[in-house]
Amino acid sequence: MRMRHKPWAAEYLQEHSEYVVQQPEDYKGKWSTLSKGKPIYIEVGTGKGQFVTEMALKYPDVYFIGIEKFESVLVTAVQRAVDAEPDNLLFIHGDVGELDAMFASEEVQRVYNNFTDPWPKKRHEKRRLTYQSFLALYDHVLTPNGEIHVKTDNQGYFEYSLASLSHYGFILKNISLDLHASHHDTENVRTEYEEKFAEKGQPIYRVEAMKQLPPND
Ligand code: SAM
């Protein structure tokens with residue numbers, strides 16, 4: 001993520017408490033008071049917020065929360081929300097590694113992980129957002145019917161993620177090796193990174209991972 005230092009970012013995030021949760025730990029176990037009973041879908045590493053804002057506008061019956069660790073990046077997401085005015089979207093400035101401080105168990109219905117950094121060097125494996133410790137965090141906050149949806153342009157990271165999700169015990173479905181050429185693209189909302197890779201003609205990989213099989217399967 002290319003990032004310019006924005007000295008005004010912290011103040012901007014504080015001023016926009018209608019979109020930025022200032023103390024997310026205060027809502028742990030109580031997010032339904034904000035979502036008003038709507039299912040909660042989070043995006044980890046939300047970046048500049050294009051995906052999560054479009055999703056919020058497209059699915060008004062879902063409550064979306066984007067989590068991003070760099071405030072200079074998050075301000076662009078918040079500016080986008082201020083312009084688009086969805087009433088079912090919030091942002092958290094924080095590290096996904098602290099997800100269990102933000103959400104109680106079984107509070108989240110879906111986790112989106114879009115184009116997060118592949119960290120190709122083996123010694124950086126623990127930083128990948130599909131590493132086992134991150135999957136354990138998602139597993140903890142997800143409801144029993146919860147799902148993780150992963151999109152990436154990086155074949156190596158995709159293969160790693162499939163193996164990591166499967167090893168953890170998630171059940172994989174709807175795997176696409178070229179999302180934009182597949183029927184799964186009809187419902188697809190593109191992220192900023194996805195648009196850049198698509199312009200270069202690169203295939204997009206995608207998988208949905210279920211915590212458990214639906215009752216009638
Ligand atoms: N999801 C966006 C997209 O597809 O356009 C942004 C992709 S960008 C490559 C990955 C983003 O994830 C960056 O903004 C980075 O700061 C964020 N990120 C990476 N690790 C994170 C973590 N542990 N906690 C929060 N955000 C993280």
Side-chain angles (χ1 to χ4, degrees), residues 24-25 27-46 51-52 55-56 58-67 88-90 92 94-116 118 125-152 154-177 179 182-189 191 204-217:
E25 8 3 289
Y27 287 99
K28 182 175 174 174
K30 301 177 199 151
W31 288 98
S32 62
T33 59
L34 296 178
S35 74
K36 308 261 188 318
K38 292 177 182 179
I40 294 174
Y41 291 8
I42 66 173
E43 187 188 18
V44 294
T46 207
F51 172 82
V52 80
M55 290 292 281
K58 188 172 176 182
Y59 298 105
D61 294 334
V62 176
Y63 207 81
F64 290 89
I65 302 175
I67 304 171
N88 54 337
L89 172 62
L90 287 174
I92 293 174
D95 196 307
V96 176
E98 285 156 23
L99 207 60
D100 53 350
M102 306 168 192
F103 295 93
S105 73
E106 302 190 7
E107 258 195 316
V108 172
Q109 270 78 358
R110 189 172 295 175
V111 175
Y112 289 104
N113 176 343
N114 294 321
F115 300 88
T116 56
E125 181 188 1
K126 289 182 180 171
R127 299 183 191 176
R128 299 175 195 157
L129 292 195
T130 51
Y131 181 64
Q132 295 288 294
S133 63
F134 283 104
L135 298 187
L137 288 170
Y138 309 150
D139 182 25
H140 178 66
V141 302
L142 277 171
T143 53
N145 64 348
E147 297 188 356
I148 305 171
H149 292 195
V150 179
K151 286 196 280 189
T152 180
N154 187 296
Q155 186 184 352
Y157 182 49
F158 189 64
E159 287 168 2
Y160 172 85
S161 300
L162 293 180
S164 188
L165 285 159
S166 174
H167 178 76
Y168 190 91
F170 284 94
I171 300 146
L172 309 184
K173 63 171 180 173
N174 294 332
I175 296 174
S176 301
L177 301 180
L179 172 62
S182 84
H183 69 277
H184 297 298
D185 197 39
T186 18
E187 294 295 305
N188 183 41
V189 169
T191 81
I204 303 301
Y205 303 89
R206 179 175 176 278
V207 63
E208 298 173 8
M210 295 182 289
K211 202 163 149 169
Q212 64 184 32
L213 280 173
N216 292 328
D217 264 32

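Because only heavy atoms are used, hydrogens play no part in the values below, and waters and symmetry mates are left out as well, while side chains stay in.
- Side-chain atoms of K126 never come within 3.5 Å of backbone atoms of Y131 as a donor-acceptor pair (strictly under, hydrogens ignored).
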Determine, step by step, whether F170 and D139 satisfy the side chain to side chain contact (heavy atoms under 4.5 Å, CB included) criterion, reporting the C-alpha distance in whole Å, the side-chain angles of both residues, the deciding distance to 0.1 Å, and the verdict.
CA-CA 9 Å; F170 284 94; D139 182 25; 4.2 Å; yes
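- When atom types are taken as modelled, the side chain of D100 and the backbone of L137 share no donor-acceptor pair closer than 3.5 angstrom.
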As a quick check of understanding, evaluate side chain to side chain contact (heavy atoms under 4.5 Å, CB included) for L135 and S164, giving each step before the final call.
CA-CA 8 Å; L135 298 187; S164 188; 3.5 Å; yes
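- Y59 and F64 have tilted rings, their planes meeting at an angle from 30° to 60° on a 0 to 90° scale.
- Using modelled atom types, one side-chain atom of T33 and one backbone atom of K30 make a donor-acceptor pair closer than 3.5 Å.
- At distances below 3.5 Å, at least one donor-acceptor pair connects side-chain atoms of R128 with backbone N or O atoms of P118.
- With rounding to the nearest 0.5 angstrom, the CG atom of L99 is 10.0 Å from the NZ atom of K28.
- To the nearest 0.5 Å, atom CG of residue N113 and atom CG of residue L165 are 8.5 Å apart.
- Taking every heavy atom of both residues into account, V189 and F51 meet most closely at O-CD1, 3.3 Å.
- Between L129 and V150 the shortest side-chain heavy-atom distance does not fall below 4.5 Å.
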Step by step, would you call F158 with I175 a side chain to side chain contact (heavy atoms under 4.5 Å, CB included)?
CA-CA 10 Å; F158 189 64; I175 296 174; 4.0 Å; yes
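- Between W31 and Y27, the two ring planes are tilted [angle within 30° to 60°].
- The side-chain heavy atoms of Q109 and V62, taken from C-beta on, include no pair separated by under 4.5 Å.
- Side chains of Y160 and N154 form no contact here, defined as non-hydrogen atoms less than 4.5 Å apart.
- Contact detail for P144 and E106: the closest heavy-atom pair is CD-OE1, 3.6 Å.
- To the nearest 0.5 Å, atoms CZ (R206) and OG (S161) are separated by 13.5 Å.
- For the residue pair Y205 and E159, no side-chain donor N or O sits within less than 3.5 Å of a side-chain acceptor on the partner.
- For the pair S166 (side chain) and A163 (backbone), a donor-acceptor distance under 3.5 Å is absent.
- Once rounded to the nearest 0.5 Å, the distance linking CD1 of I65 with CG of N88 reads 10.5 Å.
- Checked by atom type and distance alone, the side chain of E107 pairs as donor or acceptor with a backbone atom of A104 at under 3.5 Å.
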Which atom pairs, donor and acceptor, lie under 3.5 Å between side-chain atoms of residues 36-45 and protein residues at least two apart or in another chain?
{"from": "K38", "atom 1": "NZ", "to": "P60", "atom 2": "O", "distance (Å)": "2.8"}
{"from": "E43", "atom 1": "OE1", "to": "T46", "atom 2": "OG1", "distance (Å)": "2.5"}
{"from": "E43", "atom 1": "OE2", "to": "N114", "atom 2": "ND2", "distance (Å)": "2.8"}

Applying side chain to side chain contact (heavy atoms under 4.5 Å, CB included), run through L90 and Y63 and close with a yes or a no.
CA-CA 8 Å; L90 287 174; Y63 207 81; 3.5 Å; yes
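- Looking at S182, its side chain does come within 3.5 Å of a backbone N or O of L179 through a donor-acceptor pair.
- Within the 4.5 Å cutoff, the side chain of Y112 has no heavy atoms near those of the T191 side chain.
- Taken from CZ in R110 to NE2 in H149, the straight-line distance is 4.0 Å, to the nearest 0.5 Å.
- Taken to the nearest 0.5 Å, the NZ atom of K211 stands 14.0 Å off from the OH atom of Y138.
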